[in-house]
Protein chains: 2
Amino acid sequence: MGIVRKTKALSTVLQIFEEKNEAKSVVHLIELVKDKMNKTTVYRILDRLEQDGTIHSFNGKDGLKWYAKCEGCSANHHSDKHPHFQCTKCDKVECLPLEIKIPSIKNHKVDSTDILLIGQCEVCSM
Amino acid sequence: MGIVRKTKALSTVLQIFEEKNEAKSVVHLIELVKDKMNKTTVYRILDRLEQDGTIHSFNGKDGLKWYAKCEGCSANHHSDKHPHFQCTKCDKVECLPLEIKIPSIKNHKVDSTDILLIGQCEVCSM
DNA sequence: TCTAATTTTGCAACTCAATTGCATTAACAA
DNA sequence: TTGTTAATGCAATTGAGTTGCAAAATTAGA
Ligand SMILES: [Mn+2]
Ligand SMILES: [Mn+2]
Ligand SMILES: [Zn+2]
Ligand SMILES: [Zn+2]
């Protein structure tokens, strides 16, 4: 089950995602709201929001878990199949609105892809 | 610095990679050699082999670290840019000898890619 | 508005991969 | 054979993420 009750902690987390369309690591989120709620609460709110199709998760370069807003997903269908980009200089992570073609692989069935591009972002590559 | 001395522990680990051309998770490797060496030693040997360009590492679906043999890499240049495939049924991980085209991204500089395809392997998709 | 059901939260304890410090052992150049 | 120092074992530690449980907050309905 996803979100059932509208709590203050939920609004606080949601607002962070509304403010700026940028991915956030859980570690960073916990730091951002550490005066307002417990880290367990952050994990649980993120879980519920993902189940609802409000946000989606993926792993960053360092192994940390990241979350970002969804577009056009719902509780029973996550349609986020886009790649992500992580900047090695400022550590910012972006969702990339593009499709990467995966060639078919002999005798294999590909269900999903997990693509992280690493490099320098718009700001840091100048 | 990479490998300097040829130790028994090193040979044991190297032999595992020689035997079969398949990726191994560190957790599995530690289990395989647990009667012969300490887990810290496994981590350190893998580090040194990666520095030498003998093996390369990447993260699996579950967040664990995996290693596989390199082909044509050296101490100062890792040329492994291939994607990996992880089977959801048997958990086997393979290096895929294919190139995935990454479209250029406006104002971004892509240095490396981290591509994991998830699905069913040759054995499990039948 | 008040009550009761139940979802949500805080907190402490825990798990597990990975790392670190340090004393001891093993490799190998001379 | 010996001295140097790389490599190892071991115990402690780190840090992200999880779990159990009691207390608090939300919300539907009386
Ligand atoms: Mn995304
Ligand atoms: Mn590989
Ligand atoms: Zn940047
Ligand atoms: Zn399989």
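Since the model is a prediction, treat every value here as computed from it, not as a measurement. Each chain gets a letter, A, B and so on, in the order the sequences are listed, and its residues count up from 1.
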Look at the aromatic rings of A:H84 and A:F58 and report parallel, tilted or perpendicular, splitting at 30° and 60°.
parallel

Compare all side-chain heavy atoms of B:F85 with those of A:V110 and state whether any distance is below 4.5 angstrom.
yes

Could you tell me the separation between the CG atom of B:N59 and the P atom of C:dC16, rounded to a whole number of Å?
19 Å

Indicate whether OP1 or OP2 belonging to C:dG10 is found under 4.0 Å from a side-chain N or O atom of A:T41.
yes

Choose from D:dG17, D:dT8, C:dT9 the nucleotide whose nearest atom is closest to any side-chain atom of A:Y43.
D:dG17

With a cut-off of less than 4.0 Å, is there a side-chain N or O of A:R5 near OP1 or OP2 of D:dA24?
no

I need the CD-P distance between B:E31 and C:dA17, as an integer number of Å.
11 Å

Contact nearer the 5' end of DNA chain C, comparing A:K39 with A:V4:
A:V4

I need the CG-C1' distance between A:L29 and D:dA16, as an integer number of Å.
14 Å

Rounded to whole Å, please give me the gap between CG in A:N38 and P in D:dA16.
14 Å

What integer distance in Å separates A:I3:CD1 from D:dT26:P?
13 Å

If each of B:M37 and A:D47 is mapped to the nucleotide of DNA chain D with the nearest heavy atom, which maps nearer the 5' terminus, i.e. the 5' end?
B:M37

Within the distance-only criterion (no hydrogens, no angle test), does the side chain of A:D52 pair as donor or acceptor with the backbone N or O of A:I3 below 3.5 angstrom?
yes

Give the nucleotide from the list D:dT8, D:dT18, C:dT20 with an atom nearest to the side chain of B:T40.
C:dT20

Pick base, sugar-phosphate or nothing for B:I30, based on heavy-atom distances below 4.0 Å to the nucleic acid.
nothing

Given atom CG of B:L10 and atom P of C:dT25, what is their separation to the nearest angstrom?
21 Å

For B:K8 and D:dT8, give me the distance from atom NZ to atom P, rounded to whole Å.
12 Å

So, does A:T12 use its side chain to make a donor-acceptor pair with the main chain of A:K8 at under 3.5 Å?
yes

Any A:R44 side-chain N or O less than 4.0 Å from OP1/OP2 of D:dG20:
no

Without decimals, in angstroms, what is the distance between B:L46 CG and D:dT8 P?
11 Å

Please tell me if B:T7 has a side-chain N or O lying less than 4.0 Å from either OP1 or OP2 of D:dT8.
yes

Count the heavy atoms belonging to other residues, nucleotides or ligands that lie under 6.0 Å from NZ of A:K36, then report whether that count exceeds 12.
no

